[in-house]
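One structure is given below, encoded as structure tokens.
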Amino acid sequence: MAFVLILTASALVVFVFHSGKVYLCSMATNKIELSADFAEKTKALFGEERYSQFSSALEAEPVVSVRHNPAKRASELFGEPVAWAEDACYLDSRPLFTADPLFHAGCYYVQEASSMFLEQVFRQYVDAPVRMLDLCAAPGGKSTHALSLLPEGSLFVANEPMPLRAGVLAENIIKWGAPNAVVTRNEPADFAPFKEFFDIIVVDAPCSGEGMFRKDARAVSMWSPSNVKTCVARQRAILSDIWDSLRPGGLLVYSTCTFNPHEDEEMVAWVRDELGAEVLPVAVSDEWGITGNLVTDDFPVYRFIPGFTRGEGFFLALLRKDGDGEVTQPRPVRSRAAALPKACNIACSWVKNSHEYNFVVENDTVVAYPRQHQAVIAALQSRLKVLHSGVAVAAVKNNKLLPLHRLAMSVALDREAFPSVELTCEQALAYLHREALALPSAPMGVILFTYKNVPLGFAKNVGNRVNNLYPAEWRIRKDPMEL
């Protein structure tokens, strides 16, 4: 075991090298300097005793937690279970996730434990296929979680208006591998044409970030009463813009990573009274240490406070829109895609249960759309900026096909369609760095690389070299030898 210590202005950072793995530890050396205004308001909300325990917890290291992908069970990261999330655990220390090929393969997601409480909503209220929208979805924690929880036959839309964040969201959704996911880049108001279109909408609203103080120094420096007011106005606008897209009787999950009642309890009351909704209870265990409504006894909410719950600050409320009805069905939209040429038929054999998909050619790409969702996806494509939908199977060039990385990441991949080569960790990291690998015994043609029997992506052996087909924009930037 070896240690490397780096002293920064605010922390002592320790890298631990043990059994071929790299772990990142960080021990805070300075207290978080909270503004007097925040301390006064939060103490009044929490009470003296709760605030004292909370402020002491801010001096401790943030906990590290991961959530496993049930469709790609291969990760070796295990620890104490997260009580409210079935496939999640806390880690004793923070590994260097970039150095784990399984992280890049979508076998797990590094997610803050408190936000995994969304699972309880699904387990208690969702038992049939739904059409769902995650409105403010980047970087993808709640989205990938929902994709693992939704009943079979559901359609999921993850949206993020900010271009760079939307790109990260799309990458994480693709790596998770679910064929029923759509990623869009739109403002909430852009969903106006989709009236009563969704059964469930999750609004993890942009907020003042009080719950992230222990984890993000920028959240501390940016906090101010005026910023709280700005967030409140933005949250009301977002909720107003998206409300008509939720069907009567549909569920709205409203969440923030902040504590103040203006963005939390008061916002929930505003939705209930102004937009028309019932606030629903979510059953919890006393052992989880979740704090309820701190303002009124009128309705249930769920607040996660460091020092009481094992995670960062988080707030969630569940509302059901007044009325009862079914989601509206999209009007038929003429597809701009071309039918699949005979020369491309082999692409169908690369997808498991291919009879469940429609195969088309879009922009020289063979795409497989789940038959049951194709009309809805076409409607979304006609009105929104869609970054990802269906399964991009292959690129078409001169009537020849080359499988795409999105297929390798998808659980729809038929692994028997390609010869596979199992890589060592060193080889896998070199591949993810987009290096050329020397594999003299590899089969000729297209190869599926795997690591611990999990698909990593494609390569093509042309005899004198093996062409690396990993996406250039996703490659590991740092030299693998330095990881």
Side-chain angles (χ1 to χ4, degrees), residues 69 71-72 104-106 109 131-148 150 154-188 190-191 194 197-198 201-202 330 333 335-337 347 350-352 356-396 402-413 455 457-458 469-475:
N69 186 343
K72 299 182 179 184
H104 301 276
Y109 191 97
R131 200 182 291 169
M132 175 179 166
L133 169 65
D134 187 355
L135 186 65
C136 313
K142 295 180 185 64
S143 290
T144 53
H145 199 178
L147 281 167
S148 295
L150 286 171
S154 298
L155 179 70
F156 179 80
V157 180
N159 177 73
E160 171 57 45
M162 303 298 290
L164 291 178
R165 288 171 57 82
V168 173
L169 172 65
E171 179 180 342
N172 286 327
I173 294 292
I174 290 166
K175 287 178 177 178
W176 208 248
N180 61 326
V182 177
V183 179
T184 60
R185 179 171 65 82
N186 288 87
E187 296 293 336
D190 294 337
F191 287 87
F194 298 93
F197 200 77
F198 296 101
I201 296 178
V202 172
V333 176
S335 175
R336 293 170 290 181
W350 298 348
V351 175
K352 287 190 301 186
E356 297 177 359
Y357 297 85
N358 285 333
F359 292 80
V360 297
V361 176
E362 296 177 347
N363 301 319
D364 296 324
T365 300
V366 178
V367 183
Y369 288 110
R371 290 180 186 272
Q372 68 184 120
H373 301 310
Q374 189 170 13
V376 176
I377 293 173
L380 295 168
Q381 290 172 329
S382 70
R383 297 293 190 97
L384 301 173
K385 298 172 184 174
V386 175
L387 304 184
H388 164 73
S389 59
V391 181
V393 178
V396 184
L402 189 67
L404 292 172
H405 187 71
R406 295 187 184 195
L407 174 64
M409 292 293 95
S410 177
V411 297
L413 167 70
F458 294 110
L469 302 182
Y470 192 75
E473 65 274 19
W474 289 5
R475 69 179 180 87

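Because the structure is predicted, anything quoted here is derived from the model rather than measured. Index from 1, following the sequence.
For the atom pair SG (Cys136) and NZ (Lys142), the distance works out to 10.0 Å, reported to the nearest 0.5 Å. Interatomic distance, Lys175 NZ to His405 NE2, rounded to the nearest 0.5 Å: 6.5 Å. Atom CD1 of residue Ile377 and atom CG of residue Asn358 lie 10.0 Å apart, to the nearest 0.5 angstrom. Atom CD in Glu473 sits 9.0 Å away from atom OH in Tyr470 (nearest 0.5 Å).
A heavy-atom distance below 4.5 Å is found between the side chains of Val351 and Leu407. Inter-residue side-chain proximity for Ser143 and Asn172 is flagged as unmet; no heavy-atom pair is nearer than 4.5 Å. Side-chain contact check for Leu380 versus Ser389: every heavy-atom pair is 4.5 Å or farther apart. Residues Thr184 and Phe191 have side chains in contact (heavy-atom distance under 4.5 Å, counting atoms from C-beta outward). The closest side-chain heavy-atom distance from Leu155 to Leu150 is not below 4.5 Å. Residues Leu402 and Phe458 form no side-chain contact, since every pair of their non-hydrogen atoms from C-beta on lies 4.5 Å or further apart. Leu404 is not listed as a side-chain neighbour of Val393, based on a closest heavy-atom distance of 4.5 Å or more. Lys72 places a side-chain heavy atom less than 4.5 Å from the side chain of Met409.
The two residues Leu133 and Asn159 have their closest heavy-atom pair at CD1-CB, 4.1 Å. The shortest heavy-atom contact between Met132 and Ala146 is CE-CB, 3.7 Å. Contact between Ala412 and Val391 at its shortest, heavy atoms only, is CB-CG2, 4.4 Å. Scanning all heavy atoms of the two residues, the minimum distance from Ser154 to Asn180 falls at O-ND2, 3.0 Å. Gly457 and Ala408 make their closest contact through CA-CB, 3.7 Å (heavy atoms, listed as atom of the first residue, atom of the second, distance). Of all heavy-atom pairs between Pro161 and Glu187, the closest is CB-OE2, 3.5 Å.
Environment of CZ in Arg383: sparse, with no more than 12 heavy atoms of neighbouring residues, nucleotides or ligands closer than 6.0 Å.
Within the 3.5 Å criterion, the main-chain N or O of Phe197 finds a donor-acceptor partner in the side chain of Arg131. Panel note: side chain Arg185, backbone Ala166; no donor-acceptor pair is recorded below 3.5 Å. Under the 3.5 Å distance criterion, the side-chain polar atoms of Tyr109 are matched with a main-chain donor or acceptor of Gly141.
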Checklist entry - Hey, mind stepping through Val183 and Val386 against side-chain contact (heavy atoms from CB on, under 4.5 Å) and telling me if it holds? => result CA-CA 6 Å; Val183 179; Val386 175; over 6 Å; no
Item to check | Pair Leu384-Asp190, side-chain contact (heavy atoms from CB on, under 4.5 Å): steps then yes or no | outcome: CA-CA 7 Å; Leu384 301 173; Asp190 294 337; 4.1 Å; yes
Next on the checklist: Could you walk me through whether Trp474 and Ile174 satisfy the side-chain contact (heavy atoms from CB on, under 4.5 Å) test, starting with their C-alpha distance in whole Å, then the side-chain angles of each, then the deciding distance to 0.1 Å, before giving a yes or no?
Outcome noted: CA-CA 12 Å; Trp474 289 5; Ile174 290 166; 3.6 Å; yes
Checklist entry - How far apart are the C-alpha atoms of Asn69 and Trp176, what are their side-chain angles, what is the distance that settles it, and do they pass the side-chain contact (heavy atoms from CB on, under 4.5 Å) test? => result CA-CA 7 Å; Asn69 186 343; Trp176 208 248; 3.4 Å; yes
